[in-house]
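Only one structure is covered here, and it is reproduced in the block below.
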Amino acid sequence: MRMFGVLNDLRTRLGVGFLMAVAWLLFLQAGGASAGQADIEKVDVERAADGSYSFHVTVRHADTGWDHYANAWSVLAPDGTLLGERVLYHPHVNEQPFTRSLSGVSIPDGISKVIVRARDSQHGEGGRSLEVELP
């Protein structure tokens, strides 16, 4: 009970904004704001007249800046063969989730599904990937 009295006294003296800032700093110090791994949220696929494919991929990652950001996503065959990759050259700290496209991806005959997965600059590949049916 004494703890609540102390917190109430601090809130009165220092203001709620200050206490929220202190709580946020403690959260950050405890590792609560780790950017984690990059997740694929959505994939739209289009087939071009020449038989190649365009992928429009939405990625979510809690980019913190140049030290930790989603830096690529890949299109993989079911056996893990790399079919296409979109490199992301900068952090998207204030743009989450974000969508980027890749055109001209050749898919070998006989493949009807692909896997799309992202990677980030600290963890590499991981996070949520999506298996996508080709049109």
Side-chain angles (χ1 to χ4, degrees):
M1 291 303 237
R2 171 130 171 77
M3 178 70 159
F4 291 116
V6 169
L7 288 175
N8 195 32
D9 187 48
L10 279 173
R11 183 181 52 134
T12 302
R13 290 177 185 219
L14 302 174
V16 174
F18 178 77
L19 285 179
M20 289 178 66
V22 169
W24 180 249
L25 289 172
L26 291 173
F27 175 75
L28 291 175
Q29 192 172 30
S34 172
Q37 297 177 325
D39 293 325
I40 300 296
E41 287 204 343
K42 181 181 175 186
V43 178
D44 291 318
V45 184
E46 300 169 352
R47 187 168 188 188
D50 66 1
S52 68
Y53 291 85
S54 293
F55 290 82
H56 312 284
V57 176
T58 302
V59 177
R60 180 178 298 276
H61 183 261
D63 289 7
T64 59
W66 290 101
D67 291 336
H68 195 182
Y69 70 100
N71 62 358
W73 55 261
S74 304
V75 177
L76 306 163
D79 68 0
T81 302
L82 179 66
L83 302 173
E85 180 177 64
R86 172 68 193 257
V87 176
L88 305 167
Y89 292 103
H90 61 86
H92 296 85
V93 175
N94 297 315
E95 182 188 359
Q96 291 293 326
F98 61 93
T99 302
R100 295 297 179 269
S101 300
L102 177 65
S103 299
V105 178
S106 294
I107 307 291
D109 290 338
I111 293 179
S112 61
K113 295 180 191 178
V114 295
I115 299 162
V116 180
R117 72 176 174 206
R119 72 170 188 249
D120 72 71
S121 60
Q122 284 193 10
H123 300 105
E125 294 170 343
R128 182 175 50 249
S129 60
L130 290 179
E131 184 177 75
V132 180
E133 287 277 343
L134 298 173

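For the pair S54 and S103, the tightest heavy-atom approach, listed with the atom from each and the gap, is OG-OG, 3.1 Å. Counting all heavy atoms, side chain and backbone alike, A77 lies closest to I115 at O-CD1, 4.3 Å. In terms of heavy-atom proximity, H123 sits nearest to D120 at N-OD1, 2.7 Å. S106 approaches P108 most closely through the heavy-atom pair O-CD, 3.9 Å. Shown here for G36 and H68, the closest heavy-atom pair between the two residues is O-NE2, 3.2 Å. The two residues L83 and V105 make their nearest non-hydrogen contact at O-CG1, 3.7 Å.
Between W66 and S121 the shortest side-chain heavy-atom distance does not fall below 4.5 Å. By the 4.5 Å heavy-atom criterion applied to side chains, R47 and L134 are not counted as neighbours. For the pair L88 and R100, the minimum side-chain heavy-atom distance is below 4.5 Å. Side-chain contact check for P91 versus T64: every heavy-atom pair is 4.5 Å or farther apart. Here the side chains of N71 and R119 are in contact, with some heavy-atom distance below 4.5 Å.
Cluster membership for V75 and L130, using ILVMFWY side-chain heavy atoms within less than 4.5 angstrom, is shared. A continuous path of ILVMFWY side-chain contacts below 4.5 Å connects F55 to F98, so both sit in one hydrophobic cluster. Grouping the Ile, Leu, Val, Met, Phe, Trp and Tyr side chains by contacts below 4.5 angstrom, directly or via other members, places W73 with I107.
D39 places a side-chain N or O within 3.5 Å of a backbone atom of R128 that can act as its donor or acceptor partner. In this structure, the side chain of Q96 engages the main chain of H61 through a donor-acceptor pair within 3.5 Å. Of the possible polar contacts, one joining the D63 side chain to the H92 backbone as a donor-acceptor pair under 3.5 Å is found.
The side-chain hydrogen bond (donor to acceptor under 3.5 Å, both in side chains) search around T58 returns T99, not counting sequence neighbours. Under the side-chain hydrogen bond (donor to acceptor under 3.5 Å, both in side chains) criterion, D67 pairs with no residue at all, not counting sequence neighbours.
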Apply the test side-chain contact (heavy atoms from CB on, under 4.5 Å) to residues V87 and E85: give CA-CA distance (whole Å), side-chain angles for both, the deciding distance (0.1 Å), then the verdict. CA-CA 6 Å; V87 176; E85 180 177 64; 3.9 Å; yes
Please report the C-alpha distance between L76 and T81 in whole Å, then the side-chain angles of each, then the deciding distance to 0.1 Å, and finally whether the side-chain contact (heavy atoms from CB on, under 4.5 Å) criterion is met. CA-CA 5 Å; L76 306 163; T81 302; over 6 Å; no
Using the rule given for side-chain contact (heavy atoms from CB on, under 4.5 Å), can you reason through V114 versus Y53, listing the C-alpha separation, both sets of side-chain angles and the distance that settles it, and then say yes or no? CA-CA 11 Å; V114 295; Y53 291 85; over 6 Å; no
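For CG of N94, the number of neighbouring non-hydrogen atoms (other residues, nucleotides, ligands) closer than 6.0 Å is 12 at most.
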